[in-house]
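To start, the structure itself, in structure tokens.
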There are 2 protein chains.
Amino acid sequence: MTDAMRAVFVELLVHGPLSRAEVARRLDLSPSALTKVAKPLLDAGYLREQSSDGQKGIGRPSQPLQVDASRSSFIGIKLTAEELFAVRVDLAATVHDRFSLPLPDHDVDTIVEQIAQAVRRLSEAGDVAGVGISLAGTATPGDPVVGNSPFLGWSHVALAKLVEDAVGVPTVLNNDVRALTAAQQWFGAGVGHSSFALVTVGAGIGCGLVVEDRVVTGRSGGTGLIGHLAIDDRGPLCELGHRGCARAFAASSAIRRSIATTLDRPELTFDDCLELARQGQPVARRVLDDAGRALGRVIATVANVIGPDLVILSGEAVHMYDVCADALQAALTRHTHWTSTPVRVTVKPFTFDEWARGAAVSALQHLLLHS
Amino acid sequence: MTDAMRAVFVELLVHGPLSRAEVARRLDLSPSALTKVAKPLLDAGYLREQSSDGQKGIGRPSQPLQVDASRSSFIGIKLTAEELFAVRVDLAATVHDRFSLPLPDHDVDTIVEQIAQAVRRLSEAGDVAGVGISLAGTATPGDPVVGNSPFLGWSHVALAKLVEDAVGVPTVLNNDVRALTAAQQWFGAGVGHSSFALVTVGAGIGCGLVVEDRVVTGRSGGTGLIGHLAIDDRGPLCELGHRGCARAFAASSAIRRSIATTLDRPELTFDDCLELARQGQPVARRVLDDAGRALGRVIATVANVIGPDLVILSGEAVHMYDVCADALQAALTRHTHWTSTPVRVTVKPFTFDEWARGAAVSALQHLLLHS
DNA sequence: GCGACTTGCTTGACACGGTGAACAAAACGG
DNA sequence: CCGTTTTGTTCACCGTGTCAAGCAAGTCGC
């Protein structure tokens, strides 16, 4: 696998079917290089030649090349405190199968065994080229060790090596938000943008960054630690005792708790709260406006600091967006630096699969680019 | 000039004298490649061979290579509303000469003529390989056009082309903070860090970023727009009407004004104010503590978002650091995300030359890497 | 309907940057 | 003085991509 082959393959994988000529232009290669490079990929079945373009135009019609996505599979696994979610995806990151298992305890051996079981179960349909594991905490592709994971109580656990030994498949670790960012970069709203941010809302608030086509890994794996960004020092308290930080305003649990306690209706779920706000219930309305404002300000802060082309909003609680969109956009405009126009915000609907899918894409990316 | 030659040259330029073997290891090249690559650079006089290492050790002693910094010169120019500051530097970014001119008006032709005059004056001592121009506003190396410069009242001015035509030397534009960041990356505190942030304090508050060894250029050239980051919505007003934004707390003019008006002593300079705070004058003390807190929070925000190895603090007003270090560090610790340790902050003394020097380094970097 | 034109793709000779193996050089240490 | 270690050089070679040329397959104009 030469550099050019990798680049051609990735270009076709990410930017869909393209003619050789077009790929050559994009990668700044000669047309002849493309014939030469595409040949072995076609022979090996990684690429297919689409019959005709359909596009009428002057000159010889192009014969677009396309990646045969079914040519190999990856497994992605997201670890949470209670459960393990696994998916099997093809090269285009389409989910073909899923599986989940409870995690009875946080013992390393137990978890490795559960992971191995999930991998075996999802490998029944055919060979798997790589396994990606994502979790909240410090982990990076290229390092087989989980640095620190508060929710599992782990530090310095060589998880990738243990799993590799157990299942015999190359294994890549990553932080969950960064994995999701990788998925957006190649197969989501980030395609075509060399620089974007992904902001997630859910149990917490996270942020992943892509700068000049590279997923950013900060010092000791920590980037996008915006959950505790201070918004208003008279706001509600978060679990760490900060007053008015972003997650105290906008995390789903904080929103639910705030509305449920004020209304003295402890049975309310998060979605009930959204519904109340939609109906105009004043307390719910106010809490969600505050949440929207906080998110708008978080997004503005990220946008001011790094100047991304685009901010993608996602996470388990993104569906709250339509309830607080006005407050969010207003705050975004208000806090955007005066020399810029507000950054474009794209809302990406979320299913819980996304976390595991991100892990799979993370493995795919790493194995494709660094081996 | 092959890629390898460029890489070797840059490695030697930035990381001082190194033996061929060491360079080969760092750049992942074979030793033989190094002999081959170094030959033409030595012959052309761009590299010199240091006689002996001095380092005693086993094995054949190494013959370190070193860039002959005097081999070529660059001119850097910083434009402000009233004046133009120019310096001539060598390849190691050492300033050898300086020159300044007033800018009678902001007419494009006038300014081009003044720039040409400065370049001619500084070229008397010998040929110049490139000119870099930095200014507050949107400009990037690689684009000959100044997108927008509020203080000059310019938009879409092809300054680089005009200057190139006038002086016959390749010309590179850049935003001033980004140019300063480039200088720190190759010749300052950023050397050896693949990811760092530069925060400047002075008339405004700015921020430049280096992520994975690349100076970040955001959407339409805007990165690090942290001057108006909201700190406390009960704080002082800035000139744009924001209450309690970073520059309303920590810009030098804001600090001076705040102390001078409270004490009703309009004659006080910024440095007088620092002296008062040093002596414990309560009003000055409070204003500078607030400024330190604001800066600490700005730094924490940047550090949380991108996770740099290091934050370099600089700018015309950095010398205020020793007056507000405690407040700054306290705020930094308080607002750093709980899973991280506070980022290391390095204070870089500042002379006004630095802006122009940054412009020169910016040109040097761009011409070396992209041609 | 035929040639002119345009664009896509392929072929084969070739240039060139970098590697690997072998070796020379320059120190140290017993 | 000879092994050991590390640095640096030489030279044959290989592999990757370019260049020039030509073929392929369509549209356009007359």
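Each chain gets a letter, A, B and so on, in the order the sequences are listed, and its residues count up from 1. The shown structure was predicted, so the numbers you read here are calculated from the model rather than taken from an experiment.
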Residues in contact with DNA chain C, drawn from residues 1-14 of chain A - heavy-atom cutoff 4.0 Å: none
Atom pairs and distances, donor-acceptor, side-chain atoms in residues 158-173 of chain B, under 3.5 Å, two or more places apart:
{"from": "Glu164(B)", "atom 1": "OE2", "to": "Thr171(B)", "atom 2": "N", "distance (Å)": "3.1"}
{"from": "Thr171(B)", "atom 1": "OG1", "to": "Val169(B)", "atom 2": "O", "distance (Å)": "2.9"}

Pairing residues for Asp68(A) by the salt bridge (charged side-chain N to carboxylate O under 4.0 Å, His left out) criterion, not counting sequence neighbours: none
With Arg60(A) via salt bridge (charged side-chain N to carboxylate O under 4.0 Å, His left out) - residues at least two apart: none
Interface limits on DNA chain D, where chain B has a heavy atom under 4.0 Å of a nucleotide atom: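 Terminal contacting nucleotides, 5' to 3': dT5(D) to dT10(D).
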Partner set under side chain to side chain donor-acceptor pair (under 3.5 Å) for Glu212(B), not counting sequence neighbours: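 Scan of Glu212(B) (side chain to side chain donor-acceptor pair (under 3.5 Å), adjacent residues dropped) gives Arg214(A).
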Residue-level proximity of residues 35-46 of chain B to DNA chain D when a heavy atom falls under 4.0 Å: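 Thr35(B) - these, ordered by number, are the residues of the stretch whose heavy atoms sit under 4.0 Å from the strand.
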Covered region of DNA chain C, 5' end to 3' end, by chain A [heavy atoms, under 4.0 Å]: dT6(C) to dT11(C)
Side chain to side chain donor-acceptor pair (under 3.5 Å): pairs with one or both residues in residues 1-15 of chain A, sequence neighbours excluded: Glu11(A)-Arg26(A)
Those residues that, when tested against [X], pass side-chain contact (heavy atoms from CB on, under 4.5 Å) (two or more places apart):
X	answer
Ser134(A)	Lys78(A), Asp176(A), Ala179(A), Ala359(A)
Ser194(B)	Asp213(B), Asp309(B)
Val14(B)	Val10(B), Trp186(B), Val191(B)

